[in-house]
S.K.: 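Input: one structure, supplied below.
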There are 2 protein chains.
Amino acid sequence: MANNTSSGNSPTAEPKTLVETAYRALRRDIIEGHLAPGEKLRVEHLKDDYGVGAGTLREALSLLISDALVVSQGQRGFRVAPVSLEDFEDITKTRVMLECDALRQSIAMGDDAWEGDLLAAFHRLTKAEEKRIGTDDREEWEERNRIFHEVLISACPSRWLKHFLSILYQQAERYRRLSLYLQPIPRDIHAEHEALMQAAMARDADKATAILGEHILLTFRSVEQIPKDQLNEKLAA
Amino acid sequence: MANNTSSGNSPTAEPKTLVETAYRALRRDIIEGHLAPGEKLRVEHLKDDYGVGAGTLREALSLLISDALVVSQGQRGFRVAPVSLEDFEDITKTRVMLECDALRQSIAMGDDAWEGDLLAAFHRLTKAEEKRIGTDDREEWEERNRIFHEVLISACPSRWLKHFLSILYQQAERYRRLSLYLQPIPRDIHAEHEALMQAAMARDADKATAILGEHILLTFRSVEQIPKDQLNEKLAA
DNA sequence: GTTTTTAAAAATCTCGAGAAAAAACGTTGA
DNA sequence: TCAACGTTTTTTCTCGAGATTTTTAAAAAC
């Protein structure tokens, strides 16, 4: 949490070292599913793909363990962290608890600047949603969605809470992407975000947390309802 | 959480690689305060102290970032994570929230085997406390205290909650040790543990979480009340 | 006396090669 | 046909050396 190299770091700071570059590229490929869950990460192969030395790549992989995107076992190398419906459910429930608590604190502590940031983040998200119709630049929307959630809880004074939430968000994003190819978004996410934003601005903590909790839970439900056989194709390690 | 190399792993599994060995040695030295908060960790020096190569040590340090015991910045190497009273307060509050929630779930889900484990862990802790009078094998007590808290919440089904708690516990232990030299334990910790154990066995979740919350908070209070100038000697980075 | 510039020293970051372990493969025997 | 064994191949783990960058210290300029 208190470092620039690992999880939860400011995404705007550009990488200054090769380790950092490889770390980001790998993280992206894992979250986007280009590296499948459970897949073996052979250093000898990957070092060529990412254009770095073996030691550098090992270090990047070690960093990814912080984010629970990579696992390692003894003398048997690295693997992409496996996925499961149970894990996603756990992530969802834990995230609901933590993020609602953080939101409550944020609403209580947030000042005018926070309100401004929130409004701005919501606006940018809305713009991305409008552009997105038909187009395929999902990345832009994903990034702005992340920032919107981040800004929502930004006035919460607990660094640790925010640190844990950044990890959980990242994990959830991974599951969301894995299921994306199977099921288009059936919900009116924009309406959910708008209601959430307005409740937060109105300082209605009960309402805001209720909406947020439901919002996060619905994402899980939509994945949960995907037929198991289709899901297992993706989840197979 | 889902790996054997990083935080929250089973402490009984012996290290099979030099990276793992160095990781544990470094972690121990940081938690015990032999490596001071904020201290620069020069790879060229440390590799000799720990008897490994530069690359190996770098990897171990990368692993310690997961535990937030080490921080790194760009091209300026590694440092021991700094400490502050604010940070400890955050750790404490976050831990109270998460650990109480986990305990509640554990009490609800725990079976007979869990009760047995809890009883056993409490017994071992008691024995260590009796032996400790006068002697100085703090390590034994620390380990058993950790296990007691771990067993308490072991029946909680959320892996992520337990993962986060293991990180927070480790952080708290570090602060506890830093303050240990300044202030002897004035509390009757044994009584607190016993009441906690009994409430858990009686499945009285409200009572158990109340005791646990107070138990964790008291540790913070005892550090908080240490005169600031004495504290800053230790906390100085 | 203070600040800026410049040069030397130290540390970080990176890579490729060699030893140890695990996995893959074919062979032998029942 | 199947299982057990030993060899070969692959992969991981580890180390030391070289290129950049940062830090330190001294010299020069204001």
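Proteins come first, then strands; the chains are lettered A, B, ... in the order of their sequence lines, and each starts at number 1.
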S.K.: Look at the aromatic rings of B/H163 and B/W160 and report parallel, tilted or perpendicular, splitting at 30° and 60°.
M.R.: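 B/H163 vs B/W160 ring planes: perpendicular.
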
S.K.: Which part of the nucleic acid does A/L61 contact within heavy-atom distance under 4.0 Å: base, sugar-phosphate only, or nothing?
M.R.: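 The residue A/L61 makes no contact with any strand.
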
S.K.: Measuring from atom CG of A/L152 to atom NE2 of A/H149, what distance do you get when rounded to the nearest 0.5 angstrom?
M.R.: 7.0 Å

S.K.: Scan for side-chain hydrogen bond (donor to acceptor under 3.5 Å, both in side chains) pairs involving residues 41-54 of chain A, sequence neighbours excluded, and state none if there are none.
M.R.: A/D29-A/Y50

S.K.: Once salt bridge (Lys or Arg N to Asp or Glu O under 4.0 Å) is applied, what residue pairs with a partner in residues 161-172 of chain A remain, sequence neighbours excluded?
M.R.: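 Not a single pair qualifies under salt bridge (Lys or Arg N to Asp or Glu O under 4.0 Å).
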
S.K.: Can you confirm whether the side chains of B/S62 and A/S62 place a donor and an acceptor under 3.5 Å from each other?
M.R.: no

S.K.: Short of 4.0 Å, heavy atom to strand atom, which residues of residues 43-60 of chain B count as contacting DNA chain C?
M.R.: B/V43, B/E44, B/H45, B/R58

S.K.: If the cut-off is 4.0 Å, is B/K16 near the phosphate of C/dA20, judged by side-chain N/O to OP1 or OP2?
M.R.: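 Result: no.
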
S.K.: Could you tell me how far apart A/Q73 (CD) and C/dA22 (P) are, to the nearest whole angstrom?
M.R.: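 Going from A/Q73 (CD) to C/dA22 (P), I get 11 Å.
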
S.K.: Round to a whole Å and report the spacing from CZ of A/R42 to C1' of C/dA21.
M.R.: 15 Å

S.K.: Is there any ring pair (Phe, Tyr, Trp, His ring centres under 6.0 Å) pair reaching into residues 66-96 of chain A, and which pairs are they, with sequence neighbours excluded?
M.R.: A/F88-A/Y175, A/F88-A/F220

S.K.: Below 4.0 Å from chain A heavy atoms, what is the first contacting nucleotide of DNA chain D and what is the last?
M.R.: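 The footprint of chain A covers D/dT11 to D/dT14.
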
S.K.: Ring centroids only, cut at 6.0 angstrom: are A/H193 and A/F148 within range, meaning strictly under it?
M.R.: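 Yes, ring centres under 6.0 Å apart.
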
S.K.: Please name all residues satisfying side chain to side chain contact (heavy atoms under 4.5 Å, CB included) with B/D101, sequence neighbours left out, ordered by chain then number.
M.R.: A/M97, B/Q105, B/L161

S.K.: Roughly, in whole Å, what's the span from CZ in A/R76 to P in C/dA22?
M.R.: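 The answer, rounded to whole Å, is 7 Å.
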
